[in-house]
Structure formats: C-alpha cells, structure tokens
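The next block holds one structure in the form of structure tokens; read it before the comments.
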Amino acid sequence: MDRIREWRGHVRGPRGHAYGWRDRVRTWGGGVRGEGDQVPDAALAGGIALLLVVATLVGPEQGGPHGPGPVEYALLLAGTLPLAVRRRLPVVVALVTAVCMTAYSVRTGVGPPTAFPVLVAVHTAVLTGHRAAAVAASVVFLSGDLVAGLSSGTGSGGLPQQSTGLLVGWFVAAGVMGVVSRHRRDDLRRAEERAAEAERTREETARRRADEERLRIARELHDSLTHSISVIKVQAGVAVHLARKRGEEVSAPLLAIQEAGGEAMRELRVTLEVLRDDEPPVSGLDRLTELVERSRATGLPATVVVDGERRPLSVDVDRTAYRIVQEALTNAARHAGPAAASVRITYGPKELTVQIDDDGRADPGAVPTPGVGLSGMRERVTALGGRLRAGPRSEGGFSVRAELPVDGSP
C-alpha cells in the first residue's frame, strides 16, 4: 500500500530533472530580456563613459562655442552612466542620454563619437517595445547633431548633411537590430510556453494512465480478495457463535481467525480507498496495543515497552513503525516456532527506534535470506532516510531494529 502511495506521489510529485532543459531555455530568454544583466550593463556604461572621457582629453581641440570643461564632462557622464539601468528604465535612459549627449554636441561642436551611447539606448528602447521613445531620442540627437554641425561648419565627417545622414543610417540599423532581437526573444518565450504546455500534457496523460491502472488494480483486488476474506470472516463468526450457543469454550485459534479476518477486511478497505481516492487515515503506533493483542491470540506471547516521552510523529514515520512491528511479529509467529517476542519503542531526541526481538529457533550462525517482508521493511526505512538491521541474535532468536528520523525526512 505504501508503494502504491509512492507510485502516485512519483506521478504527481514535484518537478525534477525533466524540467532542466526548460529552465535553461528560460535562462537564455531571460538573458535577452535583461534579467540579471545589471553587472554587464554597469560595465558597458562605465566603459563607454571612460572611452568618451579619454577621447575628449586626447582628441583635437573642438570647434564649438565651448571647449570641454566641467559642464561638458558632467554632460558626458550624465549621458553614459544611466546605461547601467537601461533595461529597467529604457524610456528614461533613452531620453536622458539623448538630451545630455545632444547638449554636449551642441556646446562643443563636433566632439567624440557621442552617438554611440544614444544608439545603445535606442536599441534597448526598441527591444523593450518602447518605439516612440526610441524615435523621440533619435530625433532629438539627430537634430542636435545637425545644429552642432552647422554651427561648427564641418560636422563629424565633413558636410553637416552628410554627417547627419550617416548617423540616420546608424540609428535605423540600431532600431532594426532591436526589432530583430525582440522577435527572437518573443520566439524563445513562445517556444518555452509550447514546451510547458507539452510537458503539462504529458503529465496529465501519465496521471490519467496511472489513475486508470489504479482503478483496474482496485477492481481486481476487490473481486479476488474481498469475497474470500468475507467468507473466512463469516465462517469464523458462525463457528464462534455456535460454540458459545452450545456452551462450549471458544478456542483461541478460532478467535484469532475471526479477528484476523476483520483486520484483513479493514486493511483491504484502506488499500482500496488508497487506490481509488486520496490517502485515508492509516494504521499507526496508536493501534500498537491491538496489534500485540492479536499476536497473543495467535499463540505468540508478546510484550510492549515504550521508552522516552511520547510525541506526535509524521504520518510516514508512524505508519512505517507500525508496519515494521506488524511484519516482525507475523514473521515470528510463522517461523520462530514456540517463542515469545518483545517490542520496544524508544522516542529519542532525533529518531524513533523500533526493536522487535524473539527467542525462537533462528540459528545465530545462519545468514538470513531476505524475503518479501524484510525487503519491504528495508525499502520503507530507506525511503525515510533511516537504518534497518535484521538478523539472528547471538543468544538465539531473531532481532529487527529500525532507526527512523522523527521528522520523516532523509
């Protein structure tokens, strides 16, 4: 039954490695969108500012109305350093950069390549979908360049009209590159959405198939076991009733069969509920006394000792501890021969210890052959990150000891 829950949890569980490639696509697309690119943008802004300042210092004397001075250098920095936040505030950066670099160009005539920071800002504005701001920044700077060229009489490459025409081509190219980058980013986003939809569809298909298989197993269990267990329980009940009616003493094995039949029906109903619906309440250490009483009724003397302060346990730990005791007592009744068993539950600060010892006929020198029961115990304990030791005792008999973390997590 626990394996069934684990199977369902695997189908419905948290997303794992299958999502890795999708996360890589998201990261790639995020790089285009500028998420997490503040450091490169800051480096770009600082590099452009340094380049323009150095070019101004080592370049020839400008022909504008003002040579480079504190105001001009302040305009250079104000027009380049905002590029560090160009992806966060594309409209503001485009307009501030265009106005500052235009003012610098008008004051100094034809200076260093002041169009470069404006081109970067225009490209970013187009990339983020603010085309009107990109056009406005371009018009502001191109108009300023033309005025600066006319006032100096040369322009940045000869005639003012030729200089401005060349810059128009560069600004058109920057806008086109922004449009292409935006389309590429949108394509990546759509590809990511299609991948997510395909993944969701696969999950739904897998979940539907798992649900269908669970329902099929539930039907098979109901049809094959419910009738047989019901017959055993009814027949045992009739035998007990007749014995009491005749005034005879009811034998302990017959009572054990009747009680075991009722317990089997209850466990089967729980299993079918797990297969058909969400997890219902399951057996835990609160039913340990009943479990030990049933073992005594089958002829296996058993005692229970609880050490430490009882406290609430997680559902998985509580259920696993109960199942370990149940399986160990069942094995003792089947294989130990005439024997007695002791159950010790120890509540530690970080773990719960469950130990079941019997004084049966297990050979201390024999190597235990793990069957389905022991394998199931080990799987449950390992799934919780605990430890299990099961084997013959040196003084004779068999011992099972499980140490489970109290929080139920590895």
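As a basis for the values below, the full set of heavy atoms in this structure was taken, side chains included, without hydrogen atoms, waters or symmetry mates. All figures in this text were calculated on a predicted structure; none of them were measured in a lab.
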Flag yes if more than 12 heavy atoms outside Glu309 fall under 6.0 Å of its CD atom; otherwise flag no.
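Count not over threshold, so no.
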Neighbour count above 12 (heavy atom, 6.0 Å) for Arg131 CZ:
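Counting neighbours around CZ of Arg131, 12 or fewer heavy atoms of other residues, nucleotides or ligands fall under 6.0 Å, so no.
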Quick one: does Arg393's side chain have a donor or acceptor within less than 3.5 Å of a partner on Asp358's backbone?
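A pair under 3.5 Å: yes.
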Measure from the side-chain N and O atoms of Asp359 to the backbone N and O of Ala340, and report whether any donor-acceptor pair falls under 3.5 Å.
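Yes; at least one donor-acceptor contact below 3.5 Å.
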Atom pair [atom1] ([X]) and [atom2] ([Y]), whose distance is rounded to the nearest 0.5 Å:
| X | Y | atom1 | atom2 | answer |
| --- | --- | --- | --- | --- |
| Thr346 | Leu352 | OG1 | CG | 8.0 Å |
| Ile324 | Leu329 | CD1 | CG | 12.0 Å |
| Leu76 | Leu50 | CG | CG | 11.5 Å |
| Leu288 | Glu293 | CG | CD | 10.5 Å |
| Arg182 | Thr128 | CZ | OG1 | 7.0 Å |
| Gln326 | Arg287 | CD | CZ | 9.0 Å |

Could [X] and [Y] be called an ion pair, given the rule that one side-chain N must be under 4.0 Å from one carboxylate O?
| X | Y | answer |
| --- | --- | --- |
| Arg184 | Asp187 | no |
| Arg200 | Glu204 | yes |
| Glu193 | Arg190 | no |

side-chain contact (heavy atoms from CB on, under 4.5 Å) between Phe141 and Thr97, worked out:
CA-CA 9 Å; Phe141 183 80; Thr97 300; over 6 Å; no
Where is the tightest heavy-atom contact between [X] and [Y], given as atom of each residue plus distance?
| X | Y | answer |
| --- | --- | --- |
| Leu75 | Cys100 | O-CB, 3.7 Å |
| Thr80 | Ala45 | O-CB, 3.5 Å |
| Gly79 | Met101 | CA-SD, 3.8 Å |
| Thr124 | Arg86 | OG1-NH1, 2.5 Å |
| Leu81 | Ala49 | CD2-CB, 4.0 Å |
| Asp318 | Gly284 | OD2-CA, 3.5 Å |

Any side-chain heavy atom of [X] within less than 4.5 Å of one from [Y]?
| X | Y | result |
| --- | --- | --- |
| Val317 | Val406 | no |
| Val93 | Leu83 | yes |
| Thr289 | Val304 | no |
| Val179 | His183 | yes |
| Val85 | Val92 | no |

Exactly one of Arg387, Lys350, Gln355 should register a side-chain hydrogen bond (donor to acceptor under 3.5 Å, both in side chains) with Glu403. Which one does?
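The residue from Arg387, Lys350, Gln355 that satisfies side-chain hydrogen bond (donor to acceptor under 3.5 Å, both in side chains) with Glu403 turns out to be Arg387.
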